[in-house]
Number of protein chains: 2
Amino acid sequence: MKHKQVNLSKNQQIVLETIRKAKKPLKAYSILSSVKKKGINAPPQVYRALEKLVELGVIHKIESKNAFVDCKNSECETSKATAFSICKKCQKITEIMNSKLSTYLTNFQDNTGMKYEKYNLEFYGLCKRCKL
Amino acid sequence: MKHKQVNLSKNQQIVLETIRKAKKPLKAYSILSSVKKKGINAPPQVYRALEKLVELGVIHKIESKNAFVDCKNSECETSKATAFSICKKCQKITEIMNSKLSTYLTNFQDNTGMKYEKYNLEFYGLCKRCKL
DNA sequence: ATAACGCTTGTTATAATATAACATTATAAT
DNA sequence: ATTATAATGTTATATTATAACAAGCGTTAT
Ligand SMILES: [Zn+2]
Ligand SMILES: [Zn+2]
Ligand SMILES: [Zn+2]
Ligand SMILES: [Zn+2]
């Protein structure tokens, strides 16, 4: 449950801190406006940092939202096996850390002869609060 | 393995036929350029059709590619439980129809008390051909 | 030391994806 | 027929993402 430490460049650190401070997934341009005061002025600077952070597995992209969250799973080294739950109402997003699930999916094989190296799973529903 | 029949409007039919004829997932603007000769001129016309077709489950959106494929799974009524394999090299995308997998995921429960209504799973790897 | 390298940065411009807003027309339900 | 619902056409704009190029910095090989 604790943050990973990696050697990051200045812009990468700034972007990562912004994402970690947020309680919700952040979109790239929302990050950009947050970091303008720190001297990051243009989209490519943000997107490059995001790309690297995703590669390193310290953040993940929620594909269906075009948004980024920091990884809270210390076992999740390189964003190769990710699962999220997304509340349709309040947009709360939680990374699912369930070893049975990840084992099941990591070992999953279909009949097409394809070798899977990576997966991303997104569940949608209503969170505990919004269900009431 | 056969196509579903639903009552579709004119634009919805045009967009759906275009997607069905394609061998690869199509992007919205690629669809738009294909259907201009049929009188569809502007993005909203395409996006509205896509939205409806996704709702109906006759097509699916590949979130990580912003692309659309037609559903070949006759059991897949409303795009509520979808899984795809995506070749990183040739971009070939296949809808995974595996009842064990869908049962497993449909019944999956984590410890957050969230009720899942829908999921989308995308596997990445190398297809049979590209593996060689 | 200095050249070469990999990596990050800064910057401008533009591409690609998606929606807002509004007027109109077709279809279905009562 | 009247009303409601869904689909269309259109213009403009918002949002997301990348191309392309110049410059800087730290490491390492010679
Ligand atoms: Zn993670
Ligand atoms: Zn919620
Ligand atoms: Zn399907
Ligand atoms: Zn392939």
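Chain letters run A, B, ... following the sequence lines, proteins first, then strands; residues in each count from 1.
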At less than 4.0 Å, is any side-chain N or O atom of [X] found next to OP1 or OP2 of [N]? Yes or no.
X	N	result
Lys10(A)	dT9(C)	no
Lys52(A)	dT8(C)	yes
Gln45(A)	dG10(C)	yes
Asn66(B)	dT16(D)	no
Ser9(B)	dT8(D)	yes

Of all the nucleotides listed ([options]), which has the minimum atom distance to the side chain of [X]?
X	options	answer
Arg48(B)	dA17(D), dT8(C), dA21(C)	dA21(C)
Tyr47(A)	dT11(C), dT18(D), dT11(D)	dT18(D)
Asn11(B)	dA17(D), dT8(D), dT11(C)	dT8(D)
Lys27(A)	dT10(D), dA18(C), dT16(D)	dT16(D)
Pro44(B)	dG9(D), dG10(C), dT10(D)	dT10(D)
Pro43(A)	dT11(C), dT8(D), dT18(D)	dT18(D)

Exercise. Between Gln13(A) (side chain) and Lys10(A) (backbone), is there a donor-acceptor pair under 3.5 Å?
Worked result: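 Not confirmed, Gln13(A) side chain does not pair with Lys10(A) backbone.
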For this session: Look only at the side chain of Glu122(B) and the backbone of Ile62(B), and say whether a donor-acceptor pair between them is shorter than 3.5 Å.
Result: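 It does not hold such a pair.
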Take the protein atom [atom1] of [X] and the nucleotide atom [atom2] of [N], then report the distance between them rounded to whole Å.
X	N	atom1	atom2	result
Lys38(B)	dA7(D)	NZ	P	19 Å
Asn41(B)	dT24(C)	CG	C1'	15 Å
Leu53(A)	dT8(C)	CG	P	10 Å
Lys65(A)	dT15(D)	NZ	P	16 Å
Glu51(B)	dA7(D)	CD	P	10 Å
Leu32(B)	dT11(D)	CG	P	14 Å
Leu50(A)	dT18(D)	CG	P	10 Å
Leu8(A)	dC7(C)	CG	C1'	14 Å

Exercise. Want to settle it: does Phe68(B) or Ile40(A) sit nearer the 5' end of DNA chain C, counting the closest nucleotide to each?
Worked result: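 Per heavy-atom nearest nucleotide, the more 5' residue is Ile40(A).
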Exercise. Pairs in or reaching into residues 89-111 of chain B: which pass ring-ring contact (aromatic ring centres under 6.0 Å, His included), with residues at least two apart or in two chains?
Worked result: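 Every ring-ring contact (aromatic ring centres under 6.0 Å, His included) pair that includes a residue of residues 89-111 of chain B, provided the two are not neighbours, is Tyr104(A)-Tyr104(B), Phe123(A)-Phe108(B).
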For this session: Find which nucleotide of DNA chain D each of Gln12(B) and Tyr29(B) is nearest to by heavy atoms, and output the residue with the more 5' nucleotide.
Result: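 First, find each residue's nearest nucleotide; the 5'-ward one identifies Gln12(B).
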Exercise. What are the two closest heavy atoms between Glu95(A) and His60(A), and how far apart are they?
Worked result: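 In this case the closest contact between Glu95(A) and His60(A) is OE2-NE2, 3.1 Å.
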For this session: Measure across Lys65(B) and Lys27(B) and return the closest heavy-atom pair with its distance rounded to 0.1 Å.
Result: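 The pair with the smallest heavy-atom distance is O-NZ, 3.1 Å.
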Problem set entry | Short side-chain donor-acceptor distance under 3.5 Å, Tyr124(A) and Ser85(A) |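 Looking only at side-chain atoms, Tyr124(A) and Ser85(A) do not form any donor-acceptor pair under 3.5 Å.
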For this session: Decide yes or no on side chain to side chain donor-acceptor pair (under 3.5 Å) for Asn11(B) and Ser9(B), but give the supporting numbers first.
Result: CA-CA 6 Å; Asn11(B) 288 359; Ser9(B) 74; over 6 Å; no
For this session: Compute the bend angle of the helix from dA1(C)-dT30(D) to dT30(C)-dA1(D) from the end axes (five pairs per end), rounded to 10°.
Result: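 Terminal axis comparison yields 40°.
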Exercise. Are any of the side-chain nitrogens in Lys88(B) or Glu117(A) under 4.0 Å away from the carboxylate oxygens of its partner?
Worked result: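 Looking at Lys88(B) and Glu117(A), the cut-off is met.
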